[in-house]
There are 2 protein chains.
Amino acid sequence: MHFTELVKTIKERREVLQVTQERLAELSGVGLRTLKQFESGKGNPTLSTLQKLSDVLGMEVCLKIKNVGPSQ
Amino acid sequence: MHFTELVKTIKERREVLQVTQERLAELSGVGLRTLKQFESGKGNPTLSTLQKLSDVLGMEVCLKIKNVGPSQ
DNA sequence: CAGTAAAGTGCATTATAAAGCATTATTTTA
DNA sequence: TAAAATAATGCTTTATAATGCACTTTACTG
């Protein structure tokens with residue numbers, strides 16, 4: 001997933017769960033400014049920030065082997 | 001995946017591919033010091049750093065819904 | 001064991017993520 | 001449409017990630 005997709009995933013998940021940025025910031029311990037910056041596609045969050053947000057949203061950061069198959 | 005697992009995954013993948021830290025640093029554009037720090041379980045890499053390393057190793061950073069099933 | 005390669009660590013500097021605050025813009029809803 | 005809620009942005013400060021360099025430690029390999 002590229003940066004943009006990660007942002008989109010977090011943002012959509014937050015919206016599905018009907019959580020505001022403010023609430024997510026509170027629950028995750030991530031600064032509101034940091035969350036806003038991230039969701040608006042700017043910046044370069046630390047792994048820790050990404051994990052805190054993911055956690056609250058019931059998600060997790062993972063690494064998977066890229067699919068480099070020819071017929072994709 | 002927790003931080004430790006992410007580290008382990010990157011490190012093991014690098015070793016499987018028989019790439020040295022030095023070579024991975026070169027290929028990914030990540031500083032050798034940064035890579036060393038990460039692999040020895042210290043620090044808190046930025047998403048960008050994690051992605052650069054993953055890319056070269058044929059992996060990608062992703063977000064997935066956590067499995068919170070009762071019988072796990 | 002000696003020599004070499006690879007990995008880990010201390011220190012210092014630079015770049016930038018994290019954060020808060022105030023303000024503005026946008027969206028929602030009454 | 002007015003009011004309220006939510007989201008975005010500029011500015012600034014503080015914390016820390018990224019980096020290089022020199023050195024130590026740990027693995028290999030002859």
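In what follows, chains are A, B, ... by sequence order, proteins preceding strands, each numbered from 1.
Atom CD in A:Glu26 sits roughly 15 Å away from atom C1' in C:dA19 (whole-Å rounding). The CZ-C1' distance, from A:Phe38 to D:dA7, rounds to 16 Å in whole Å. Here the P atom of nucleotide C:dA19 and the CG atom of A:Leu35 are 10 Å apart, to the nearest Å. In this entry the distance linking CD of A:Gln37 with C1' of D:dT9 reads 9 Å, nearest Å.
A:Asn44 contributes no side-chain N or O that, together with a main-chain N or O of B:Thr46, makes up a donor-acceptor pair within less than 3.5 Å.
Checking C:dC21, D:dA7, D:dT19 against the side-chain heavy atoms of B:Val30 singles out D:dT19 as nearest.
Criterion: ILVMFWY side-chain heavy atoms under 4.5 Å apart, direct or through other members. Under it, A:Val30 and A:Leu32 are not part of a common hydrophobic cluster.
Nearest heavy-atom pair across B:Lys36 and B:Gln21 is NZ-OE1, 3.0 Å. Heavy-atom minimum distance, A:Thr9 versus A:Met59: CG2-CE, 3.5 Å. Nearest heavy-atom pair, A:Phe3 versus A:Gly41, reported as atom, atom and distance to 0.1 Å: CE2-O, 3.2 Å. Between A:Leu53 and A:Ser28, the shortest heavy-atom contact is CD2-OG, 3.6 Å.
For a distance-only test at 3.5 Å, the side chain of B:Arg33 fails to qualify as a donor-acceptor partner of the base of C:dG8.
In this structure, B:Thr34 does not reach the D:dA17 phosphate: none of its side-chain N or O atoms is under 4.0 Å from OP1 or OP2.
Note on residues 50-61 of chain A: pairs passing side chain to side chain donor-acceptor pair (under 3.5 Å), not counting sequence neighbours, are A:Asp55-B:Lys66.
Listed by chain and residue number, B:Glu22, B:Arg23 satisfy the side-chain contact (heavy atoms from CB on, under 4.5 Å) test with B:Glu26 (two or more places apart in sequence, or in another chain). With sequence neighbours left out, A:Gln37 forms a side-chain contact (heavy atoms from CB on, under 4.5 Å) with A:Arg33, A:Lys42.
For the helix from C:dC1-D:dG30 to C:dA30-D:dT1, the axis fitted to the five pairs at one end and the axis fitted to the five pairs at the other end meet at an angle of 60° (nearest 10 degrees).
We find the CG-CG distance between B:Leu63 and A:Leu57 to be 9.0 Å, quoted to the nearest 0.5 Å.
Of the residues in residues 39-55 of chain B, those lying under 4.0 Å from DNA chain D by heavy-atom distance are B:Asn44, B:Pro45, B:Thr46, B:Thr49. A heavy atom closer than 4.0 Å to some atom of DNA chain D occurs in A:Lys11, A:Arg14, A:Thr20, A:Gln21, these being the qualifying members of residues 1-24 of chain A.
Counting non-hydrogen atoms of neighbouring residues, nucleotides and ligands closer than 6.0 angstrom, the CD atom of A:Glu15 exceeds 12 such neighbours.
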